[in-house]
Amino acid sequence: MKRPEDVLKQYWGFDSFRPLQDDIIESVLDGKDTLAILPTGGGKSLCFQVPGMCLEGLTLVVSPLISLMNDQVHNLKLKGVTALALHSGLTAREAEIEYTNLRNGKYKFVYASPEKVKSERFLWSVSELNIDLLAIDEAHCISQWGHDFRPEYLELEGLRKELNCPCIALTASATPKVVQDIIKYLKFKDGNKIFKQSVKRTNLNYVVLKEEHKSERLLRILQKIKGTGIVYARNRKQTAAISDFLHKNNIASDFYHAGLDSEEREKKQTLWKAGKIRVIVCTNAFGMGIDKPDVRLVIHYEIPDTPEAYYQESGRAGRDGLESWCVLLIGPSDLEKNEKWVIERFLDKNQVKNVFNAFCNHHHIPYGGGFEQLYDLDANELNKKYKLKVQDLYRAFEMLSREGLVSLSESYAMSSRIKILMDQEELYWFYVKKTEYEFFLKTLLRMYGGLFDHYTPVSEYEISNKLHHSVNEVRQKLTRLNSLKVLEYLPRNEQPQICFLEERPRNLPYNTKRWNHLKLAALQRWNAMKNYVDTINCRQIALGEYFGEKKIEDCGKCDNCRNRKRDRSSEIKVFREILIQRSIQNKIGQKEMKDLIEADELKINVLRDLMDKGIIVRDKNGNYQHK
Ligand code: ADP
Ligand code: MG
């Protein structure tokens, strides 16, 4: 078996593991079920990718989001490791080709969404695949106490039974209740191991500011603290407005949200990463898979709903270990406003039914139909036609996805894909006939590997940069080559889509008990967030306690710690004055001095200093007096 250190060096080019990574990997290779709790950006992927490379067979990774899957598959491919992402965003033909590739041992890693994993087609193939490690990423999704419960995760139990191999579960944030659920539902065997890294981040300064004029305060902060920043806002409109305001005040900024088209998002991301845009104002759609080490400042313009979200988003600051700031701005009525949002997210049964029926009518989906089909969720169209609130649309489908009826496929997170349909020789003859395509195709082949075998994610934007064409020209060329049957071109769908995981039911699933439970859990998390805002204790301790961490020391640098230090230093100044005045008026006896000092280190130092300087001296009876 290859050694983990060698794999790390050979494929990743890193010299050493980060704290806990090596212990986690050892535990996995020891055959133990293992839970790894490391903060976002802590390097969880390596914890299953490295042992996966050491082991003989295939590693199966369950991951909830297409964007996360594609990101990791892409990165593995760059390292020369074969990997596949299997999810409902693939066409049926794509999926069939990939199942064949899988059976033929073409892959070392297969990433799959939980709804794919529970499908009969998949379970049926499993026995033919030599899977020797099961990794469950974002494992908190299994718990109804977690901030992102997904019912399909509960069905992973079946998969575990099917596979006879160790399981590694990974998450960034797990409260004690969530940890319990992970171990229970993933059927961890005796002798399992849990590794947990402290929540504390010693280079981050957490600050909460109650502020009537948030925009001016934001500006002042950005003027005072230099370096790259992220500003999190609540909605799309707000991101544009804030960015505009900053721009007018000479701060290089731009905005980002999921409603922009893919080229625009990619462009903005690239510019920000390269340091050409200093501040990105965004919704929480920004940040996933983005790994910029030198973010100096993360400012929340609106308060997040959960400590999990806050910890994750603010934690994007200071990955390089240098001093950085996490600021939460709170306006006068923000807390009440947000609490209302948290509650409103839980629609009642009739509201959900209305949305669902309208959606089915719109797409002509009969009862008993729709199974495994993808439908566009065109919010604007549905809003116009059926007078449905856009927000309620998303909320209703979020709820139905929590019931396991549908999944919200973030197809906009999926790149366009290309597969070449000809072999090398046919392609050669095509060049001879159509010389105008030769350079274009050769560039494609140079940019992307595996085009002959797989549907390969490509970026029209990237291609256009390389060829100095416009994005539109690239699209036209690809479409043309598609109709000439040289390649198959699956352009990215900009619309979010709904995938039916079951047939359209006559009665909508609405598990009142579960819904109430989720609502309760959401309110508990929101209350924890309010506690974070209101606490007068160390902010890092407050976060640590929420995640079940004991014994963290004061960070000494959050606003509360700094205030306390400031209070202390004025208290000590006053104490010094008192000692001087008292000793001028009267001698201070030994017992009296002891009471005054209260065995307080700082106060003892004050006395020592006064005596060193000869301001206070002791007489022969041991009393203190002014000189
Ligand atoms: P997580 O899943 O915990 O959020 P990732 O697995 O995405 O984090 O890793 C975050 C970044 O840290 C990646 O860019 C990865 O290459 C880097 N990284 C992980 N482990 C190491 C290591 N041992 N040395 C250097 N960089 C590492
Ligand atoms: Mg991860």
Side-chain angles (χ1 to χ4, degrees), residues 3-26 28 34-54 59-81 83 85 109 111-114 133-142 146-148 150 153 168-174 182 194-199 201 203-204 230 269 273 284 286-295 298 308-322 413 547:
R3 293 187 335 152
E5 304 78 50
D6 299 341
V7 167
L8 183 71
K9 183 79 203 165
Q10 185 187 342
Y11 291 93
W12 278 267
F14 298 148
D15 290 317
S16 56
F17 285 109
R18 290 201 181 140
L20 291 187
Q21 279 180 331
D22 40 359
D23 300 323
I24 293 166
I25 291 168
E26 188 185 305
V28 172
T34 306
L35 170 59
I37 308 170
L38 302 182
T40 308
K44 287 184 287 296
S45 322
L46 278 188
C47 296
F48 57 84
Q49 288 171 339
V50 169
M53 291 303 289
C54 295
T59 295
L60 168 60
V61 187
V62 178
S63 176
L65 292 175
I66 300 180
S67 49
L68 290 178
M69 272 187 243
N70 285 343
D71 226 45
Q72 297 209 9
V73 165
H74 178 70
N75 284 329
L76 284 171
K77 280 188 185 161
L78 289 180
K79 294 174 176 61
V81 177
F109 290 88
Y111 285 74
S113 58
L133 178 60
L134 170 64
I136 312 290
D137 208 1
E138 314 293 340
H140 55 269
C141 293
I142 211 167
H147 59 291
D148 191 13
R150 289 164 190 261
Y153 261 70
I168 172 170
L170 309 109
T171 175
S173 49
I182 292 173
I194 300 177
F195 296 90
K196 180 168 183 172
Q197 187 163 309
S198 170
V199 167
R201 299 269 310 268
N203 62 319
L204 298 188
I230 306 177
Q269 244 181 51
K273 263 191 184 162
N284 59 7
F286 183 79
M288 223 172 329
I290 288 177
D291 176 27
K292 184 169 168 61
D294 58 344
V295 176
V298 174
E308 282 90 344
Y310 186 63
Y311 181 65
Q312 173 157 9
E313 288 160 12
S314 62
R316 299 207 162 98
R319 291 270 172 82
D320 55 8
L322 301 179
F547 291 115

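Start at 1 and go down the list; that is how both ligands and their atoms are numbered. Because the structure is predicted, anything quoted here is derived from the model rather than measured.
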**Request:** Name all pairs fulfilling the salt bridge (Lys or Arg N to Asp or Glu O under 4.0 Å) condition that reach into residues 8-21, sequence neighbours left out, sorted by first residue then second.
**Result:**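 Every salt bridge (Lys or Arg N to Asp or Glu O under 4.0 Å) pair that includes a residue of residues 8-21, provided the two are not neighbours, is K9-D15.
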**Request:** I would like to know whether T171 and I182 meet side-chain contact (heavy atoms from CB on, under 4.5 Å); could you show each step before the answer?
**Result:** CA-CA 10 Å; T171 175; I182 292 173; 4.2 Å; yes
**Contact residues of ligand 1 (heavy atom under 4.0 Å), by chain and number** =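 Those residues closer than 4.0 Å to ligand 1 by some heavy atom are F14, S16, F17, R18, Q21, P39, T40, G41, G42, G43, K44, S45, L46, D291.
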**Request:** Only counting residues at least two apart or in another chain, list the ones meeting salt bridge (charged side-chain N to carboxylate O under 4.0 Å, His left out) with D23.
**Result:**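 Expected list: none.
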**Non-neighbouring partners of R150 that pass salt bridge (charged side-chain N to carboxylate O under 4.0 Å, His left out), sequence neighbours left out** =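 Residues passing salt bridge (charged side-chain N to carboxylate O under 4.0 Å, His left out) with R150: D148.
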**Prompt:** Can you check whether F48 and F109 have ring centres sitting under 6.0 Å from each other?
**Reply:**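 So the answer is no for these two rings.
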**Request:** Kindly indicate whether the side chain of I230, heavy atoms from C-beta on, has any atom under 4.5 Å from the side chain of V295.
**Result:**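 A side-chain contact under 4.5 Å exists here.
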